[in-house]
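The next block holds one structure in the form of structure tokens; read it before the comments.
Each ligand, and each atom within it, is numbered from 1 in the order the structure gives. Below, each value reflects all heavy atoms present in this structure, side chains not excepted, and no hydrogens, waters or symmetry copies.
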Amino acid sequence: MQRKNKADEAAKAAFLKKVAALWPVARGTVSLVRKPCSRKACRACASGERHPALIFTCRVGGRGRCLHVRKADEALVRRATENCRKLEALLAEEGVRLIGSLREADAD
Ligand SMILES: [Zn+2]
């Protein structure tokens with residue numbers, strides 16, 4: 001049992017170390033959209049071309065959110081969404097490891 005606790009603590013420490021490296025993190029999607037503006041007689045809007053804008057969409061408490069992302073922040077926000085994918089993969093792997101370790105404990 002002592003050995004199992006040590007193995008569990010080591011797994012926890014390894015997991016937390018990996019999680020710490022996944023910062024910043026954000027669950028959502030960065031997309032380039034074309035939005036109309038409020039100016040009258042805007043040629044870009046009149047032609048249907050409109051104006052490019054970066055948006056971050058996500059769900060918070062079941063509600064969809066859509067936030068503007070400044071061009072200067074694009075790389076950081078994209079990295080945060082990529083970290084989210086890595087974190088989700090890590091969580092799934094951790095579930096597999098947990099079930100495997102519980103089966104090993106049963107076999108003892
Ligand atoms: Zn316009």
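In this structure, Glu49 does not pair ionically with Arg43, as no charged nitrogen and carboxylate oxygen lie closer than 4.0 Å. With salt bridges taken as basic N to acidic carboxylate O contacts below 4.0 Å, none links Arg97 and Glu93. Ionic pairing of Arg79 and Glu82 is not present here: no N-O contact between side-chain nitrogen and carboxylate oxygen is shorter than 4.0 angstrom.
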Going through the distances and angles, do Arg78 and Glu74 end up as a salt bridge (Lys or Arg N to Asp or Glu O under 4.0 Å)?
CA-CA 6 Å; Arg78 285 191 188 278; Glu74 180 181 7; 2.8 Å; yes
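Across all non-hydrogen atoms, the minimal contact from Arg50 to Lys35 is CB-O, 3.3 Å.
The environment of Arg85 atom CZ is dense: over 12 non-hydrogen atoms of other residues, nucleotides or ligands sit within 6.0 angstrom.
Listing protein N, O or S atoms at distances below 2.8 Å from the Zn ion (ligand 1), with waters left out, gives Cys37 SG, Cys42 SG, Cys45 SG, His51 NE2.
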